[in-house]
2 protein chains.
Amino acid sequence: MTSTTSARPPGRPRSGVNAAVFAATLSTVEELGYARATVDRIAAAAGIAKSTVYRRWPSKGELIVDCLLDAFGPAPLTGSSRAELMTSTIRWVAAKIGEPGVGDAFAGVFSDAVSDPALREILSTRLQDPYRLALQEALDEPENRVLFFIDVVVGVLLHRMGMTGEPMVEADVDALVDMVLPHFTDGRGKM
Amino acid sequence: MTSTTSARPPGRPRSGVNAAVFAATLSTVEELGYARATVDRIAAAAGIAKSTVYRRWPSKGELIVDCLLDAFGPAPLTGSSRAELMTSTIRWVAAKIGEPGVGDAFAGVFSDAVSDPALREILSTRLQDPYRLALQEALDEPENRVLFFIDVVVGVLLHRMGMTGEPMVEADVDALVDMVLPHFTDGRGKM
DNA sequence: TCTTTTCGCTACCTTGGGTATCGATACCTG
DNA sequence: CAGGTATCGATACCCAAGGTAGCGAAAAGA
């Protein structure tokens, strides 16, 4: 039992600085914006060397994706009805994107992905797919409908963030809920 | 009449290559993606020197904004009812973003603006405001509602473009119309 | 022909993502 | 305690791309 599997690889173990790097990433992005939050600066803020960052993440984009995964965490799919479930999901995404640095980092890596197919694939697979699958399960909707739901919620919040530099105010999040819910609940025989 | 105003400045006149630059920008962005569509390559595709580009536009971002303004043109605010007007607007934006290079360029400059407040101001003032004002007039809605409308339509279309690399298919544009229209027409005493 | 302005060209600066190297260090095993 | 192994920090480096500067050539009008 201790030999075939990894009983722990030899050599100096990795120091547990991932959490510090994630925190440094968000605070640096919040302070300087996405483009000026260079890997050098993030590493300095985390108190490590740039080479250590590139030993753990192959690119800045993947670092950001991992950082966002850490920031979002698992989706709290709460609510007994479809309407409650969708409402809480929308508010949860809005709140997360409103957290310091998260919205900027999200919009930044999203835009990098536009001209980087490899990063787009990672963004889609590692970040979007888990939530999409969980929502498909919880809402009992086909893939294309859930993808449309994600396009709407994330797209609107990111557009507002990108255009104004500020997260969407609560009144507009309310409007978003009011707009989305009827489309996904009315006249479809699902409650 | 010929003296006080500009009777034409002396010196060599500017060659009329703006249209060629816009066309070269879109085709280069379509071929290589936003980030790899460098100013050097765009200039080469237009048959001019990079320095000529920077003589006319102070930055790549402003070049793209001008290019998008040229590509979109004035909004065709057609339709006799509010519903028709909003429908045609949504379909017009979707069609434009689906044109070769336009969606990529839009998403690219949008993401650049995330970490560049100056570019964000230009994007908001030069590109968004004209259409926002025209829509406020045509729809007789307050500014915040029109801004929300723009966030929804553009945000969704750009998110789909950024996540998949392809413009939104017609069936989903239909769903977008179906979702947006009731929110802006039902129970509000406006037709 | 002279003046003025834009042109293409080239060389250059700076920033930032990403790589390579190297001595130092931390951990486990014998 | 000695040896092996893998990570660490530091530094130097490569390359692409946005943007600038300077120059002689070309296109107009006067």
Side-chain angles (χ1 to χ4, degrees), chain A residues 2-3 5-18 20-21 24-25 28-29 32-67 105 108-109 111-116 118-119 122, chain B residues 2-3 6-18 20-21 24-25 28-29 31-67 105 108-109 111-116 118-119 122:
Chain A
T2 58
S3 56
T5 60
S6 62
R8 177 195 269 186
R12 176 177 180 169
R14 296 200 138 173
S15 53
V17 292
N18 277 27
V21 175
T25 300
T28 306
V29 167
L32 302 173
Y34 181 77
R36 303 184 63 178
T38 66
V39 177
D40 268 311
R41 275 190 256 256
I42 291 172
I48 63 173
K50 181 170 84 160
S51 46
T52 300
V53 172
Y54 278 104
R55 243 174 243 121
R56 295 167 187 233
W57 294 277
S59 67
K60 180 182 177 181
E62 297 211 34
L63 163 63
I64 302 287
V65 170
D66 263 14
C67 183
V109 72
S111 47
D112 278 0
V114 170
S115 41
D116 184 344
L119 181 56
I122 288 164
Chain B
T2 59
S3 56
S6 63
R8 176 197 267 188
R12 175 176 178 171
R14 294 200 140 175
S15 53
V17 293
N18 276 27
V21 174
T25 300
T28 306
V29 167
E31 186 184 356
L32 303 174
Y34 181 77
R36 304 184 63 178
T38 67
V39 178
D40 268 311
R41 275 189 256 255
I42 292 172
I48 63 173
K50 181 170 82 160
S51 47
T52 300
V53 173
Y54 279 104
R55 248 174 237 122
R56 294 167 188 231
W57 294 278
S59 68
K60 179 182 177 180
E62 297 211 34
L63 163 63
I64 302 288
V65 169
D66 264 13
C67 183
V109 73
S111 46
D112 278 0
V114 170
S115 40
D116 185 343
L119 181 56
I122 288 164

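Within every chain, numbering begins at 1; the chains are lettered A, B, ... in the order of the sequence lines, protein sequences first and strands thereafter.
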> Restricting to pairs with a member in residues 31-54 of chain B, which pass ring pair (Phe, Tyr, Trp, His ring centres under 6.0 Å), not counting sequence neighbours?
Replying inline: none

> Along DNA chain D, 5' to 3', what are the outermost nucleotides having an atom less than 4.0 Å from a heavy atom of chain B?
Replying inline: D:dA17 to D:dG29

>> Test of understanding: with salt bridge (Lys or Arg N to Asp or Glu O under 4.0 Å), list the residues that count as partners of B:D116, not counting sequence neighbours.
In response: none

> Nearest-Å distance, CG (A:D112) to P (C:dG17)?
Replying inline: 9 Å

> What integer distance in Å separates A:R36:CZ from C:dG17:P?
Replying inline: 13 Å

> Nearest heavy-atom pair of B:V114 and A:G108: which atoms, and what distance?
Replying inline: CG1-N, 4.4 Å

> Step by step, would you call B:I64 with B:W57 a side chain to side chain contact (heavy atoms under 4.5 Å, CB included)?
Replying inline: CA-CA 9 Å; B:I64 302 288; B:W57 294 278; over 6 Å; no

> What string of B, S and - do you get for nucleotides 1-14 of chain C, 5' to 3', when a contact is any protein heavy atom under 4.0 Å?
Replying inline: ---BBBBBB-----

> Going through the distances and angles, do A:I42 and A:V53 end up as a side chain to side chain contact (heavy atoms under 4.5 Å, CB included)?
Replying inline: CA-CA 9 Å; A:I42 291 172; A:V53 172; 5.6 Å; no

> What's the spacing between B:N18 CG and B:D66 CG if we round to 0.5 Å?
Replying inline: 8.0 Å

>> Taking only side-chain N and O atoms of A:R41, does any of them lie within less than 4.0 angstrom of OP1 or OP2 on C:dG16?
In response: yes

> Which pairs with one or both residues in residues 40-56 of chain A pass salt bridge (Lys or Arg N to Asp or Glu O under 4.0 Å), sequence neighbours excluded?
Replying inline: A:D40-A:K50

> Listed by chain and number, what are the side chain to side chain contact (heavy atoms under 4.5 Å, CB included) partners of B:A35, not counting sequence neighbours?
Replying inline: A:S115

